[in-house]
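What follows is one structure encoded as structure tokens, with my remarks underneath.
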Amino acid sequence: MLKTLLVDDHMLFLDGLESILESYEGLILLPPATRGKEALEIVLNNEVDFLITDLNLPDISGVDLVLKIKKAKPQIPILVLSMDCDRREVKSILNAGAEGFMLKIAGKQELCKAIHKIINGGTYYSSEITAIMMEIIKNTSESNVPSTYLTAREMEILDLICKEYSNKEISEKLFISVSTIETHRSSMFCKTGSKNVVGLVRYAVENALVAW
């Protein structure tokens with residue numbers, strides 16, 4: 001059971017989110033936070049396994065909150081929610097290390113899909129966010145690091161990671177073992193200087209290596 005902290009200063013939305021997630025198997029909802037600093041204090045002083053936060057908080061930004069939490073407890077997966085976003089915010093969230101980013105207009109089914117992906121070690125970016133990622137890629141004149149830096153198999157795996165496939169799903173699609181995928185991921189971490197899956201996604205976006 002994952003101890004989950006919700007962070008949002010709009011009580012009506014927070015109440016609705018709690019109502020949806022109370023029945024989500026595998027999550028235990030902690031008392032929510034309405035401020036970023038309050039959320040940070042809870043995370044630093046308590047056991048928190050999963051965080052869902054609004055991007056726009058009244059005291060510190062969601063980006064700053066993600067940065068501070070990832071610095072203190074990088075193992076905690078984070079899903080960021082927002083009413084809207086632009087290229088700058090998408091890049092900021094990716095650089096901060098959040099495992100997921102989606103708009104609040106999403107329905108219950110998509111939210112649950114995102115949570116399932118993230119708590120199982122993957123990432124999730126809604127269609128609106130991936131469209132902005134595609135725009136970033138299209139506006140990248142050239143890669144900082146050539147794609148030949150990665151092997152053909154690593155490029156295949158990277159593409160599927162960016163499309164939010166889990167290790168098990170990649171294994172089934174490419175007909176290779178999960179342990180082999182882990183070996184390739186470790187190699188990609190080393191080559192790209194990434195510490196986690198989010199880092200690989202950020203690398204792919206910054207270097208225009210994937211087609212969304």
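For reference, positions follow the sequence shown, starting with 1.
Closest non-hydrogen pair, Val66 versus Ala98, comes out as CG1-N, 3.9 Å.
With hydrogens and angles disregarded, no donor-acceptor distance shorter than 3.5 Å links the side chain of Ser187 to the backbone of Thr183. The main-chain N or O of Glu182 is found under 3.5 Å from a side-chain atom of Ser186 such that the two form a donor-acceptor pair. With Glu99 contributing its side chain and Thr123 its backbone, the two residues share no donor-acceptor pair below 3.5 Å. Between the side chain of Ser82 and the backbone N or O of Asp84, at least one donor-acceptor pair lies under 3.5 Å. The closest donor-acceptor contact from the side chain of Asn207 to the backbone of Leu209 lies at 3.5 Å or more, if one exists at all.
Looking only at side-chain heavy atoms (C-beta outward), Ile115 and Leu21 come within less than 4.5 Å of each other. Side-chain contact between Thr4 and Ile119 is absent, with no heavy-atom pair separated by less than 4.5 Å. Counting heavy atoms from C-beta outward, Tyr165 and Asp159 have side chains that stay 4.5 Å or more apart. For the pair Leu174 and Leu160, the minimum side-chain heavy-atom distance is below 4.5 Å.
One finds the CD1 atom of Ile78 at 4.5 Å from the NZ atom of Lys70 (value rounded to the nearest 0.5 Å). Taking OH of Tyr125 as the start and CG of Leu94 as the end, the distance is 5.0 Å to the nearest 0.5 Å.
Looking at Glu156 and Arg153, a side-chain N of the basic residue comes within less than 4.0 Å of a carboxylate O on the acidic one, giving a salt bridge. A salt bridge between Lys68 and Asp64 is absent, with no side-chain N of the basic residue lying under 4.0 Å from a carboxylate O of the acidic one.
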Compile the donor-acceptor pairs under 3.5 Å between side chains in residues 31-48 and protein atoms, sequence neighbours left out, one pair per line.
unit_1, atom_1, unit_2, atom_2, d
Glu38, OE1, Thr34, N, 3.1
Asn45, ND2, Glu41, O, 2.8
Asn46, ND2, Ile42, O, 3.0

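When the shell of 6.0 Å around NZ of Lys73 is examined, it contains more than 12 heavy atoms from other residues, nucleotides or ligands.
Lys117 pairs in a salt bridge (charged side-chain N to carboxylate O under 4.0 Å, His left out) with only one of the listed residues (Glu110, Glu164, Glu169), which is Glu169.
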